[in-house]
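Here the structure comes first, spelled out in structure tokens, and everything after it is commentary.
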Protein chains: 2
Amino acid sequence: MMDTPNLNRKTTSRRVTMEDVGRLAGVSQVTVSRALSDPDKVSPKTLKKITDAIDATGFVPNAIAGALASKKSKLISALVPSITNIVYSAAVASFSSVMREHGYQVLLSETGFDPKDEEAMILTHLSRRPDAVLLTGIHHTAKARQMLLASDIPVVEIWDTTETPIDICVGFSHDRAAVKAAEYAFENGFTCAATLSAGDERALRRRAAFESRFAELAGAAVENAVHCERASLANGRDGLRALQAQSMEKGTFVFCSSDVLAHGMLIEASAQGLKVPTDIAIMGFGDQEFAAHTEPALTTVRVDRTTLGRSAAMALLSRFDSAEPIASVNDIGFEIVARHSA
Amino acid sequence: MMDTPNLNRKTTSRRVTMEDVGRLAGVSQVTVSRALSDPDKVSPKTLKKITDAIDATGFVPNAIAGALASKKSKLISALVPSITNIVYSAAVASFSSVMREHGYQVLLSETGFDPKDEEAMILTHLSRRPDAVLLTGIHHTAKARQMLLASDIPVVEIWDTTETPIDICVGFSHDRAAVKAAEYAFENGFTCAATLSAGDERALRRRAAFESRFAELAGAAVENAVHCERASLANGRDGLRALQAQSMEKGTFVFCSSDVLAHGMLIEASAQGLKVPTDIAIMGFGDQEFAAHTEPALTTVRVDRTTLGRSAAMALLSRFDSAEPIASVNDIGFEIVARHSA
DNA sequence: CTGTTAGCGCGTTCAT
DNA sequence: ATGAACGCGCTAACAG
């Protein structure tokens with residue numbers, strides 16, 4: 001029934017400007033600008049006239065013009081591999097929340113897991129003249145680093161640590177986390193281990209660190225390893241079957257690169273009538289909400305995504321109001337959560 | 001070891017402009033602008049000189065200045081209740097992906113579930129002069145609607161349908177979905193039903209529609225209903241206990257407002273040794289990935305989030321290049337997925 | 001094919 | 001406490 005809900009479209013009326021507001025209030029454009037940015041610098045009487053004029057006209061400040069004039073966009077660009085992955089979205093959510101409280105908006109984009117795509121997006125983002133950039137991980141193309149450096153704005157790299165960040169990094173050591181996992185396995189009597197990993201760089205790095213540390217402790221290489229494109233329950237189930245096809249020993253400890261993969265494997269194990277953790281032990285990574293509720297409850301590595309996002313925001317904010325050096329590498333740590341699956 | 005990775009900070013060097021590029025290439029600033037926006041209008045020779053100059057200087061276009069001059073920001077603002085909820089982030093991801101292919105970037109913000117907060121954010125977003133706005137749901141404050149209308153840009157409301165959208169809407173009927181769920185329950189022989197619902201407006205609307213239709217069919221009101229703040233496994237588990245505290249009959253059909261709540265209830269039922277669906281039948285909403293993998297597999301209502309996002313993007317795009325009326329209400333439908341939990 | 005001239009709507013400086 | 005003038009870096013006409 002299309003009752004033309006958009007009547008007032010098509011009118012050629014220019015958007016209202018500070019000039020218009022000022023005219024109505026009987027003051028100049030600058031005074032309107034002041035009234036908005038620094039009300040104390042305007043007399044109470046004119047302030048009132050101005051706010052009235054704003055209400056009357058429905059004035060909405062033009063942040064684009066403001067940004068061009070002030071060279072401050074109040075925009076932070078954030079690049080994450082995937083926004084549907086709770087692991088990244090939770091960190092971005094807390095980051096955004098803190099930044100917003102300080103008057104910044106976050107322009108978020110998905111990069112996928114390819115540094116080349118990330119590079120292209122960095123260029124697009126930089127053209128919006130963000131006041132800072134947040135990146136995921138510490139691996140970027142040379143050109144990306146160069147553009148970022150040349151842009152001369154703060155950059156935070158999250159989810160990892162390095163001694164040589166572009167500017168600031170906040171995250172944790174994936175190596176150490178995986179090493180701890182290997183030690184956990186060995187200390188709990190496992191003599192045989194396997195890995196199931198997603199294809200992204202950090203997951204692969206954890207896998208490698210786990211395998212190398214476990215081999216060191218057990219005195220034998222980790223023979224069984226499978227990796228898949230992305231973390232999903234289906235890939236977790238398939239992962240177990242793929243491992244079994246490699247003739248994995250009974251009682252093997254499987255280190256998965258994420259809770260979702262581990263959960264999928266748990267489901268497949270249950271479907272096969274396998275006992276966890278005796279027939280097979282399964283460890284996840286991330287400690288997502290469901291991890292405590294699987295059957296059996298999932299042993300995993302906890303990473304505090306909220307803290308991660310908040311720390312990144314705070315690092316940026318402190319950099320904004322002091323050119324002084326702040327901590328450029330921030331380690332938020334991790335924690336092994338021993339439950340019943342491994 | 002801090003090898004000062006940020007050497008070229010602090011230099012007072014102005015960012016390079018089209019003017020600079022032009023000077024180096026021996027042409028005027030406009031020609032540089034043309035070379036970038038419409039290479040065909042520039043001779044091959046000067047084009048080459050310009051691209052060389054761009055490489056040499058590391059020029060990054062200033063989209064802010066471009067937007068101010070052209071009155072096109074190539075920015076779409078998107079407001080969703082929560083970005084960590086896969087239900088919203090998946091829709092936004094596909095929306096963003098399509099928009100990006102067409103040269104638009106998406107400025108995403110979380111509104112929570114309060115229309116008042118949404119209103120404030122709409123104002124902030126409009127100040128960036130987006131070329132369009134995407135909103136979640138069809139309930140907004142009067143002032144929000146008015147600002148949107150006055151802004152004179154396309155608006156898409158997603159996740160619901162209405163005969164009177166602000167501009168365009170794409171979603172499905174929550175009423176009809178819940179009615180179908182009630183009919184499914186009744187047709188499968190259930191004579192007693194209950195609901196567990198999160199607190200958001202659409203969830204409550206589904207709950208109401210389910211209860212009213214089921215009561216109509218069964219000839220008796222739905223006695224047991226619980227609702228909670230947000231969807232989480234813990235709230236799903238608590239929800240079952242709360243329902244039991246209301247002395248719910250054995251063999252009751254519970255309609256949950258989301259798969260996550262349903263999953264939590266499934267877990268609690270299992271922990272209590274209840275048989276599903278005989279002791280208690282549980283139905284979810286959303287058909288998230290895990291729904292097919294719970295024990296027993298979750299009966300639910302499927303909503304195609306990817307299609308939702310893509311349709312919203314396409315509706316906008318078609319509106320951009322034709323002021324002509326397009327379909328302003330788009331229904332993407334839903335589907336009852338009968339599995340084993342109900 | 002290329003350049004000139006005008007803004008876009010603000011913030012910034014400097015007066016008053 | 002307020003205003004005038006200028007410029008941010010670019011696109012949009014219009015010339016030539």
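Naming: A, B, ... by sequence-line order, numbering from 1 per chain.
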note = Between CD of A:Gln29 and P of D:dC6 the distance, given in whole Å, is 15 Å
query = Which is true for B:Thr46 with a 4.0 Å heavy-atom rule: it touches a base, it touches only sugar-phosphate, or it touches nothing?
reply = sugar-phosphate
query = Between A:Lys71 and C:dC10, is there a side-chain N or O to OP1/OP2 distance below 4.0 Å?
reply = no
remark   = To the nearest angstrom, the CG-C1' distance between B:Asn62 and C:dC8 comes to 13 Å
task = Can you figure out which of D:dT2, D:dC10, C:dC10 approaches the side chain of A:Val42 most closely?
result = D:dT2
inquiry  = From CZ of B:Arg129 over to P of D:dC10, roughly how many Å is that when rounded to an integer?
reply    = 21 Å
task = Assign A:Glu19 to base, sugar-phosphate, or nothing according to its heavy-atom contacts below 4.0 angstrom with the strands shown.
result = nothing
query = Does B:Ser33 put a side-chain nitrogen or oxygen below 4.0 Å from OP1 or OP2 of D:dT11?
reply = yes
key: Value rounded to 0.5 Å, distance of NE2 in B:His125 from CG in B:Leu135   = 10.0 Å
inquiry  = For the aromatic rings, using the six-membered ring if either is Trp, is the centroid distance between B:Tyr104 and B:Phe320 under 6.0 Å?
reply    = yes
ask   = Over how many whole Å does the gap from A:Asp20 atom CG to C:dC10 atom P extend?
value = 9 Å
request  = Mind telling me whether B:Trp159 and B:Tyr88 have parallel, tilted or perpendicular rings, with 30° and 60° as the class edges?
outcome  = perpendicular
message = Tell me whether the side-chain N/O atoms of A:Thr31 come closer than 4.0 Å to OP1 or OP2 in D:dG3.
response = yes
query = Which part of the nucleic acid does A:Arg34 contact within heavy-atom distance under 4.0 Å: base, sugar-phosphate only, or nothing?
reply = base
inquiry  = Tell me which pairs pass side chain to side chain donor-acceptor pair (under 3.5 Å) where either residue lies in residues 22-31 of chain B, with sequence neighbours left out.
reply    = B:Asp20-B:Arg23, B:Ser28-B:Thr31
message = Strictly below 4.0 Å: does A:Thr17 bring a side-chain N or O up to OP1 or OP2 of C:dG9?
response = no
task = Determine: side-chain N/O of A:Ser28 to OP1/OP2 of D:dG3, distance under 4.0 Å, yes or no.
result = yes
ask   = Taking for each residue the nucleotide of DNA chain D bearing the nearest heavy atom, is the 5' side occupied by B:Arg15 or by A:Val30?
value = A:Val30
